[in-house]
There are 2 protein chains.
Amino acid sequence: MSYSIAEAARRSGLSIDTLRYYERIHLLDPPERDAAGRRAYSEADLTWLQFLTKLRTTGMPIRRMREYASLRKRGVASAARRRTILIEQRGSVAERIAELQSCLDVLDYKITNYEQLEQGYSSAVREVTA
Amino acid sequence: MSYSIAEAARRSGLSIDTLRYYERIHLLDPPERDAAGRRAYSEADLTWLQFLTKLRTTGMPIRRMREYASLRKRGVASAARRRTILIEQRGSVAERIAELQSCLDVLDYKITNYEQLEQGYSSAVREVTA
DNA sequence: GTACGACCTGGAGCGCGCTCCAGGTCAACA
DNA sequence: TGTTGACCTGGAGCGCGCTCCAGGTCGTAC
């Protein structure tokens, strides 16, 4: 089973342009081509794309994804290095979550203030007009 | 008490250039100037900068921060609208946290696999070489 | 009085991650 | 046979959020 670029885009959630772009920058190996020279993405290509989008969502820069991609081509020998990259990324995601949590607290505090203002608590005015 | 731009940068964690940039794009009202025409940031300026950096950390685009900033200048009348913006942002932060959590799960799964590989579980090879 | 360092301005430049475009090929269908 | 539509290529362009630069002004220290 293989997929046209449109189908691969639909399934991966990336745009057609982005798929070609990822190939150009060696994030994705060139997929097979059909008789007419059109890209035919394999199941494995899609799995890899899915993982790439996860990495992207974590905020991993493309340059780092490329490093990971190139290590992957070197097979099992590169497993330790790849693991290190993932562990680092896990750390940075955890940090980011903590950071967002703290922002969430600030937002909650502010929102509460606005609500108190709405309810006529004059003590909230100081905060809201600050 | 007022602060030089260098001091304000140090305290806010933003660069000097960024402070001037924020002023230029009306995220920050022009601070007072000292006798020599140099910026003199007030305590209130710093408080606002601190809040701005929180918003930025949540991923709020600058255009939206500008909207918030301009509402703030309109005083209490704009409080409801500002509250709405913050509530929306809280929602998007919560979503983002959830998304990151799910990425964390994927990373953990992958990392576990790499560790099993290291320990000689051949069943992990399939995953790692995929 | 001159050297220094912090600050000023307007404007150009940059890195990132796409996104769009022109001009072309090809297979399928009316 | 002609038109459509999906796909191709190489390369330019874009929006974001800064970041850097040249050339200038001030106040202080020697």
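Lettering follows sequence order; numbering is per chain, from 1.
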Q: Give me the residues of residues 87-98 of chain B where at least one heavy atom lies under 4.0 Å from an atom of DNA chain C, by number, or none.
A: none
Q. From the list dT9(C), dT19(D), dC18(D), which nucleotide is the closest neighbour of the side chain of S15(B)?
A. dT19(D)
Exercise answer: donor-acceptor pairs, residues 22-29 of chain A side-chain atoms, under 3.5 Å, sequence neighbours excluded:
from: E23(A); atom 1: OE1; to: R39(A); atom 2: NE; distance (Å): 2.6
from: D29(A); atom 1: OD1; to: K73(A); atom 2: NZ; distance (Å): 3.2

Q. Residues from residues 4-11 of chain B sitting under 4.0 Å of DNA chain C, heavy atoms only?
A. S4(B), I5(B), A6(B)
Q | Under the side chain to side chain contact (heavy atoms under 4.5 Å, CB included) test, residues paired with A98(A) that sit two or more places apart | A | none
Q) Is there any salt bridge (charged side-chain N to carboxylate O under 4.0 Å, His left out) pair reaching into residues 83-97 of chain B, and which pairs are they, with sequence neighbours excluded? A) D108(A)-R90(B), E118(A)-R83(B), R64(B)-E88(B), R96(B)-E99(B)
Q: Mind checking salt bridge (charged side-chain N to carboxylate O under 4.0 Å, His left out) for R56(B) and listing every partner two or more places apart, or none if nothing turns up?
A: none
(Q) I'd like to compare against my own output: the B/S/- annotation of nucleotides 22-30 of chain D with a strict under-4.0 Å heavy-atom distance to protein. (A) ----SS---
Q. In chain order, what residues pass the side chain to side chain donor-acceptor pair (under 3.5 Å) check against S2(A), with sequence neighbours excluded?
A. none
(Q) Looking at R20(A), I'd like to know whether one of its side-chain N or O atoms comes within less than 4.0 Å of OP1 or OP2 on dC8(D). (A) yes
Q. Got a sec, which residues hit salt bridge (charged side-chain N to carboxylate O under 4.0 Å, His left out) with D105(A), two or more places apart in sequence or on another chain?
A. none
Would you tabulate the nitrogen or oxygen pairs shorter than 3.5 Å linking the protein to nucleotides 10-16 of chain C?
from: dG11(C); atom 1: N7; to: R24(B); atom 2: NH1; distance (Å): 3.2
from: dC16(C); atom 1: OP1; to: R63(A); atom 2: NH2; distance (Å): 3.3

**Q.** For R74(B), all residues meeting salt bridge (charged side-chain N to carboxylate O under 4.0 Å, His left out), sequence neighbours excluded
**A.** none
Q.
Restricting to ring pair (Phe, Tyr, Trp, His ring centres under 6.0 Å), what partner residues turn up for Y68(A), sequence neighbours left out?
A. F51(A)
